[in-house]
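Okay, structure first, notes after.
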Amino acid sequence: MRIAMATAPKLVYAHITRDPEVRGGIPCIDGTRLAVVDIALLHMRRHQPEEMQDYYMRHLTLAQVHSALAYYFDNREEIEKYFEEARETAERVEAARAAYLDQRSGV
């Protein structure tokens, strides 16, 4: 008797694409370089979806915005990891900058 293993269905989000050539392959709104993380940041700043449509000087549809929000809500760990890595990178860059400036000033 052969037992078939159930696999989780692959979720596909309308309007969300991943292309290694666009922003390093992070999830983006189709046809744009606008990433899901960009929409997530606006959500965290309490912007409404209608405000998000024009925030980046692009005409996004509400469907695109809502799809990005759905991706964010379904993948919060992934998005939070991206934010944490970005914070760590910024801290490393700032530390290197401060060390360089200290070295130049002879401190």
Side-chain angles (χ1 to χ4, degrees):
M1 174 181 215
R2 186 166 184 217
I3 298 174
M5 293 186 64
T7 58
K10 180 181 176 187
L11 291 179
V12 177
Y13 294 84
H15 307 293
I16 305 300
T17 60
R18 281 182 182 259
D19 181 343
E21 301 293 320
V22 178
R23 294 192 63 177
I26 63 173
C28 290
I29 295 175
D30 59 348
T32 74
R33 296 181 56 80
L34 188 60
V36 169
V37 295
D38 300 324
I39 296 297
L41 281 172
L42 291 177
H43 172 74
M44 291 173 193
R45 293 177 183 159
R46 308 224 184 272
H47 288 272
Q48 296 301 309
E50 293 80 6
E51 296 172 304
M52 295 176 193
Q53 281 184 279
D54 295 317
Y55 190 85
Y56 289 99
M57 309 277 280
R58 298 182 181 273
H59 262 332
L60 299 176
T61 66
L62 273 177
Q64 288 172 311
V65 171
H66 283 286
S67 191
L69 288 169
Y71 187 98
Y72 164 62
F73 290 127
D74 286 344
N75 299 280
R76 279 190 178 206
E77 285 183 19
E78 173 190 347
I79 303 301
E80 291 300 322
K81 182 180 176 190
Y82 174 87
F83 289 141
E84 182 59 30
E85 289 172 354
R87 278 189 287 275
E88 290 171 0
T89 299
E91 288 170 4
R92 282 194 305 275
V93 167
E94 182 55 32
R97 179 185 162 281
Y100 173 77
L101 292 175
D102 287 346
Q103 182 185 22
R104 282 195 64 191
S105 66
V107 174

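Remark: E94 engages R97 in a salt bridge, criterion side-chain N to carboxylate O under 4.0 Å. We find that K81 and E78 are not joined by a salt bridge, their nearest charged nitrogen and carboxylate oxygen being 4.0 Å or further apart.
With T89 contributing its side chain and E85 its backbone, the two residues share a donor-acceptor pair below 3.5 Å.
Residues I79 and Y71 form a side-chain contact, since some pair of their non-hydrogen atoms from C-beta on lies under 4.5 Å apart.
By the criterion of side-chain heavy atoms lying less than 4.5 angstrom apart, applied directly or through intervening Ile, Leu, Val, Met, Phe, Trp or Tyr residues, Y82 is grouped together with L34 in one hydrophobic cluster. F73 is not connected to L62 by any chain of hydrophobic side-chain contacts under 4.5 Å among Ile, Leu, Val, Met, Phe, Trp and Tyr, and they are in different clusters. The hydrophobic cluster containing L41 also contains I26, counting ILVMFWY residues as joined when their side-chain heavy atoms lie under 4.5 angstrom apart, directly or transitively. Using a 4.5 Å cut-off between side-chain heavy atoms of Ile, Leu, Val, Met, Phe, Trp and Tyr, with links allowed through other members, Y13 and I29 fall into the same hydrophobic cluster.
Among all heavy-atom pairs drawn from C28 and V22, the shortest one is SG-CG1, 4.1 Å.
Considering CG of D30 and NE2 of H15, their distance stands at 6.0 Å, rounded to 0.5 Å. Separating the CD1 atom in I39 from the OH atom in Y72 is a distance of 12.0 Å, to the nearest 0.5 Å. Distance check, rounded to the nearest 0.5 Å: CG of D38 to OG1 of T32 gives 8.5 Å.
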Please tabulate, for the side chains in residues 43-54, all donor-acceptor contacts under 3.5 angstrom to protein atoms that are two or more places apart in sequence or on a different chain.
from, atom 1, to, atom 2, distance (Å)
E51, OE1, Q48, N, 2.6
Q53, NE2, L60, O, 2.8
D54, OD1, H59, ND1, 3.0

